[in-house]
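The next block holds one structure in the form of structure tokens; read it before the comments.
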Amino acid sequence: MAAPSMKERQACWGARDLYWRCLDDNAEDAARCQKLRSSFEASCPQQWIKYFDKRRDYLKFKEKFEAGEFQSSPSTENS
């Protein structure tokens with residue numbers, strides 16, 4: 001597989017950003033963002049989609065963790 005051109009990369013990143021913004025605006029309701037998800041999948045290589053999906057999950061976890069929304073479980077508190 002050839003590396004994506006600059007235009008292809010920009011199209012992919014733009015589609016990703018629109019999809020992520022839709023998820024943010026709709027409380028992570030993927031059903032409301034299906035058209036943007038399809039555009040994202042059509043614009044990006046499959047490996048990139050996997051990476052971006054994992055990246056978003058990590059960033060959302062990190063955001064909640066830093067905001068103090070996660071607490072340690074009772075089994076780890078006594079360790």
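Just the heavy atoms: all of them, side chains too, but no hydrogens, waters or symmetry mates, feed the values below.
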Strictly below 4.0 Å, N to O, side chains only: are [X] and [Y] in salt-bridge contact?
X	Y	value
R56	E28	yes
D57	K62	no
D53	R37	yes

Whether over 12 other heavy atoms sit under 6.0 Å from K35 NZ: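 Result for NZ/K35: open.
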Least distance between heavy atoms, L36 atom then L18 atom: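 Here L36 and L18 meet closest at CD1-O, 3.6 Å.
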Distance from [X] atom [atom1] to [Y] atom [atom2], nearest 0.5 Å?
X	Y	atom1	atom2	value
C33	N26	SG	CG	4.5 Å
D29	C22	CG	SG	8.5 Å
R16	S43	CZ	OG	12.0 Å
Y19	S38	OH	OG	9.5 Å
Q47	K50	CD	NZ	5.0 Å
D17	R21	CG	CZ	6.5 Å

Parallel, tilted or perpendicular: rings of W20 and F52 (30°, 60°):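 Judged by the thresholds at 30° and 60°, the geometry between F52 and W20 is perpendicular.
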Beyond-backbone contact of [X] with [Y], side-chain heavy atoms, under 4.5 angstrom:
X	Y	result
D24	K60	yes
R55	L59	yes
W13	W48	yes
C12	P4	no

Set of residues satisfying side chain to side chain donor-acceptor pair (under 3.5 Å) with respect to Q34, sequence neighbours excluded: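 Expected list: none.
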